[in-house]
Amino acid sequence: MPRSTPEDGADVRLPKRLLAAMVLVAFFALSLSSYVALTRSLQYQTRDEGPNAGYAVEVASGRLPTIDTPVTTDADRYPQVVEGRATMVDEPHRHIWTANHPPLYYLMSLPFVAAAGALDAPQVMIVGMRLINAAGSALCVLLVGLIAFEVTRREATAFLATGIAASCAVLVTAGGHIANDGVAVAASSLTLLATIRIFDHGLSVRRLSLVALAGAAAAGAKAPGVLTVVLCGAAIAVALLVTDRSWRGVVRALGASAVATGVPAFATGWFYVRNIVLYGDPTATDALLEKFDREPNGPRWQVLTDGSLWLDWYERLWAPLPAEGYAVGADVLAVVAVIGLLVLLVRRATGAPPGPTVPRAGWLLLAVHAAVVLANLVGFVAGGGNPNDRYLMPLMPLLASALAVGVMALVDLIPPRSRDSRAARAAAAITLVLGGYALLIFGWFVDSATYVGRLPNSESRGAGLVLAAGVACGLVAVCLVARPARTYAARLPLPDRRARRRRSAGEPARRARR
């Protein structure tokens with residue numbers, strides 16, 4: 001890969017070669033999710049697929065459901081959903097308990113609901129809604145790499161962060177189910193990326209518009225997106241005020257923050273007001289805990305200091321809970337990264353060359369965002385909520401970037417020959433290992449009892465081809481990064497080449513006359 005780490009990190013541009021490699025890694029993650037989407041039987045409760053499908057059916061009928069709206073009983077049009085509904089042992093689980101979420105994902109699913117009815121093919125709705133989630137999860141993998149590039153200014157680290165995100169089972173296998181997580185996390189990550197670009201490259205209409213639109217999508221897909229919108233709006237105001245404290249700067253900062261938060265509020269605020277009217281709070285959390293008779297898990301401090309809970313949460317990002325033995329790989333990755341981060345701190349404290357300058361504002365935004373998300377999750381779990389692994393997906397930009405920085409800090413200790421080519425090859429090799437690790441866990445998952453059968457009339461051969469194509473994309477990505485880019489001398493314009501040839505031909509004659 002070409003060198004692109006000048007001292008002024010703000011001027012570093014993302015090379016097209018790196019972007020292509022990261023897109024291919026995202027396609028690898030998409031292929032794993034697509035295999036699940038095309039083959040796995042409907043998971044009515046395990047992944048909330050039944051209520052999510054029922055939500056889309058209600059929206060297609062022109063109604064916005066509540067958490068007490070029954071899931072459809074139309075067995076002719078939605079046989080898998082109705083069959084799963086019948087397995088629920090109590091009435092609350094036969095309701096659309098996911099109706100506390102805003103409707104963006106379900107509005108996106110309407111074409112598949114309509115196509116399922118028009119073609120008399122119920123599976124079209126199931127597979128279509130799953131593929132929307134899969135595409136969002138794959139986009140999140142790509143955005144993780146783009147964010148890592150913005151906050152590190154290093155190509156190898158950005159590529160490795162992309163590979164780390166793609167190796168997480170929660171992103172690839174959970175992406176193959178009917179859920180709004182993929183769309184929500186992709187929109188939230190895009191909001192963070194656009195905000196960081198404003199930090200690094202200045203305010204512009206295009207960047208601010210991207211923050212506002214991505215924020216509207218984040219808040220319109222899932223409630224935690226509101227936290228991202230508020231945080232990014234405040235961060236933009238602070239960043240602009242720091243650079244210009246004049247009266248004009250204050251107006252500019254407040255105006256930009258108002259756009260970043262006002263557009264999402266205008267687009268989605270009505271839904272959260274509706275939740276307050278119906279349930280007493282914007283997310284209906286208390287109403288849902290009461291609906292399912294959940295008991296508190298203890299005070300917030302107890303949840304916050306429960307080390308086993310956090311370790312379990314981290315490991316489940318890579319390995320499903322029954323696959324405990326596979327979590328060792330994630331633990332090794334964490335240990336190596338932590339050692340690398342400590343080495344990096346020691347080297348900087350002792351005056352070793354720090355490497356290319358990187359923007360600190362981006363890291364600060366990711367850290368504060370992670371703290372806000374975790375604080376929200378701690379309150380949810382303390383109140384009796386389930387510590388689902390999907391809830392950590394918004395942390396992936398910070399987690400993958402930090403892990404990649406730690407690993408590459410150890411790579412930098414190797415005696416240098418060519419720092420950039422060495423880092424690129426190391427990132428490619430580690431990503432290749434992580435890809436194999438992801439396939440190993442994926443193979444266990446597909447062959448395990450937790451897969452619970454196949455969709456009726458699903459074509460495993462076609463899904464296998466999709467998976468093979470994704471693996472091929474991953475291998476091409478690794479090769480693109482590992483193989484240094486060739487540099488070619490610029491060709492001279494035609495008149496200049498002719499003049500040079502004439503001068504070369506005339507040189508021997510002049511020597512002979514002498």
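For this chain, numbers begin at 1 and follow the sequence in order.
Within 6.0 Å of atom CG in Asp120, 12 or fewer heavy atoms from other residues, nucleotides or ligands are found, so the atom counts as exposed in its surroundings. For Arg454, the CZ atom is densely surrounded, since the number of other residues' heavy atoms within 6.0 Å is greater than 12. Atom CZ of Phe442 has more than 12 heavy atoms from other residues, nucleotides or ligands within 6.0 Å. Remark: Arg63 CZ is packed, more than 12 non-hydrogen atoms of other residues, nucleotides or ligands lying under 6.0 Å away. The number of heavy-atom neighbours closer than 6.0 Å to CZ of Arg77, taken from other residues, nucleotides and ligands shown, is 12 or below.
Side chain to side chain, Arg85 and His93 fail the donor-acceptor criterion of an N or O pair below 3.5 Å. Side-chain atoms of Thr72 and Asp74 include no donor-acceptor pair closer than 3.5 Å. Side-chain contact annotation: Tyr451 with Thr39, donor-acceptor N/O pair under 3.5 Å present. A side-chain N or O of Thr66 and one of Thr69 form a donor-acceptor pair less than 3.5 Å apart.
Using a cutoff of 4.0 Å between basic side-chain nitrogens and carboxylate oxygens, Asp68 and Lys291 are scored as salt-bridged. The residues Arg390 and Asp48 are annotated as salt-bridged, a charged nitrogen and a carboxylate oxygen being separated by less than 4.0 angstrom. Contact check on Asp389 versus Arg47 returns a salt bridge, with a Lys/Arg side-chain nitrogen under 4.0 Å from an Asp/Glu carboxylate oxygen.
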Next item on the list: Check the pair Leu392, Leu374 against side chain to side chain contact (heavy atoms under 4.5 Å, CB included), reporting the backbone distance first and the verdict last.
Entry: CA-CA 8 Å; Leu392 292 182; Leu374 289 176; 4.1 Å; yes
Next item on the list: Test side chain to side chain contact (heavy atoms under 4.5 Å, CB included) on Phe292 and Trp97 and set out the steps.
Entry: CA-CA 10 Å; Phe292 295 109; Trp97 66 77; 3.6 Å; yes
Checklist line | Ile126 vs Arg130, side chain to side chain contact (heavy atoms under 4.5 Å, CB included): CA-CA, chis, key distance, verdict | finding: CA-CA 6 Å; Ile126 295 174; Arg130 286 175 166 182; 3.8 Å; yes
Item checked: Verdict with reasoning, Leu309 to Val303, per side chain to side chain contact (heavy atoms under 4.5 Å, CB included) -> CA-CA 8 Å; Leu309 170 66; Val303 175; 3.7 Å; yes
Check: Could you go step by step and tell me if Tyr314 and Trp318 meet the ring-ring contact (aromatic ring centres under 6.0 Å, His included) rule?
Finding: CA-CA 8 Å; Tyr314 168 78; Trp318 275 267; 5.0 Å; yes
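Separating the CG atom in Asn180 from the OG1 atom in Thr98 is a distance of 7.5 Å, to the nearest 0.5 Å. Between Thr228 atom OG1 and Leu190 atom CG the span is 11.5 Å, to the nearest 0.5 Å. How far CZ of Phe112 is from CG of Leu119: 11.5 Å, rounded to the nearest 0.5 Å. Atom-to-atom distance recorded for Thr283:OG1 and Leu288:CG is 8.0 Å, nearest 0.5 angstrom. Put simply, CE on Met393 and OG on Ser189 are 8.5 Å apart, with the number rounded to the nearest 0.5 Å. For the atom pair Leu64 CG and Tyr106 OH, the distance stands at 10.5 Å (nearest 0.5 Å).
Although no hydrogens or angles enter the test, the distance criterion places a donor-acceptor pair under 3.5 Å between the side chain of Trp313 and the main chain of Asn388. Under a 3.5 Å cut-off, the side chain of Trp363 and the backbone N or O of Thr152 do not form any donor-acceptor pair. Distance alone, capped at 3.5 Å, is enough to place a donor-acceptor pair between the Ser31 side chain and the Phe28 backbone. Formation of a donor-acceptor pair under 3.5 Å by the Ser448 side chain with backbone atoms of Phe445 is found in this model. Asn133 places a side-chain N or O within donor-acceptor distance of the main-chain N or O of His177, the cut-off being under 3.5 Å. A donor-acceptor pair under 3.5 Å links the side-chain atoms of Arg207 to the main chain of Gly202, judged by distance alone. No donor-acceptor distance shorter than 3.5 angstrom exists from the side chain of Asp281 to the backbone of Ile276, with no hydrogens or angles considered. For Asn297 (side chain) and Ala382 (main-chain N/O), no donor-acceptor pair under 3.5 Å exists by modelled atom type. A side-chain donor-acceptor contact under 3.5 Å links Thr191 to the backbone of Gly215. A donor-acceptor distance shorter than 3.5 angstrom exists from the side chain of Ser257 to the backbone of Gly233, with no hydrogens or angles considered.
The aromatic rings of Phe380 and Tyr391 sit perpendicular, their planes meeting at an angle over 60°, well past the 30° parallel limit.
Ala235 and Leu365 make their closest contact through CB-CD1, 3.9 Å (heavy atoms, listed as atom of the first residue, atom of the second, distance). The two residues Ala237 and Ala253 have their closest heavy-atom pair at O-CB, 3.6 Å. In terms of heavy-atom proximity, Ile164 sits nearest to Ala404 at CD1-N, 3.8 Å. Cys473 and Leu24 make their closest contact through O-CB, 3.4 Å (heavy atoms, listed as atom of the first residue, atom of the second, distance). When every heavy atom of Ala179 is checked against every heavy atom of Asn52, the shortest pair comes out as CA-ND2, 3.7 Å. Across all non-hydrogen atoms, the minimal contact from Glu150 to Arg197 is OE2-NH1, 2.6 Å.
Counting only heavy atoms from C-beta outward, the side chains of Leu192 and Leu366 approach each other to under 4.5 Å. Looking only at side-chain heavy atoms (C-beta outward), Tyr35 and Val466 stay at 4.5 Å or farther from each other. Residues His95 and Ile67 are not in side-chain contact: their nearest non-hydrogen atoms beyond the backbone lie 4.5 Å or more apart. Contact of the Val71 side chain with the Tyr78 side chain is not registered, since no non-hydrogen atoms from C-beta on lie closer than 4.5 Å. Contact of the Val25 side chain with the Leu142 side chain is not registered, since no non-hydrogen atoms from C-beta on lie closer than 4.5 Å. Between Leu42 and Glu83, every side-chain heavy-atom pair lies at or beyond the 4.5 Å cut-off. In this structure, the side chains of Leu311 and Asp331 come closer than 4.5 Å at one or more pairs of heavy atoms. Contact check for Leu333 versus Val407: side-chain heavy atoms found under the 4.5 Å cut-off.
Residue Leu32 is tested with Thr173, Leu467, Val471, Ile441 for a side chain to side chain contact (heavy atoms under 4.5 Å, CB included); the sole match is Leu467.
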